[in-house]
Amino acid sequence: MESTISLKVKGKGKGSKGASSSDDKSKYQVVKEWTNWSLRKAKVATHYGFIPLVIFIGMNSDPKPHLFQLLSPV
């Protein structure tokens with residue numbers, strides 16, 4: 001069983017529809033590239049921003065904990 005999902009544009013017509021098919025394909029490629037680019041940037045931002053966000057929220061809480069208490073798993 002194939003586990004990958006194919007998102008290819010399939011054209012049925014011939015002749016004059018060939019130009020619009022290539023135009024649709026280029027639009028599809030642009031959307032796909034922008035989606036991949038934005039998801040990669042979001043992944044990096046989440047990876048490097050999560051721990052500082054937890055520390056920032058923890059330091060602004062009412063019973064102010066020490067930094068060690070925020071970082072320790074206990």
- Note on the structure: Smallest heavy-atom separation, Lys64 atom then Met59 atom, equals NZ-O, 2.9 Å

- Mind listing the closest non-hydrogen atom pair of Pro65 and Gly58 along with its distance?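 Taking Pro65 first and Gly58 second, the nearest heavy atoms are CD-O, 3.4 Å.
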
Can you list, pair by pair, the side-chain donor-acceptor contacts under 3.5 Å of residues 38-53, counting residues two or more places apart and other chains?
| from | atom 1 | to | atom 2 | distance (Å) |
| --- | --- | --- | --- | --- |
| Ser38 | OG | Trp34 | O | 3.1 |
| Ser38 | OG | Thr35 | O | 3.0 |
| Thr46 | OG1 | Ala42 | O | 2.8 |

- Item | Donor-acceptor under 3.5 Å (Gln69 side chain, His66 main chain) |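 Between the backbone of His66 and the side chain of Gln69 there is a qualifying donor-acceptor contact (under 3.5 Å).
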
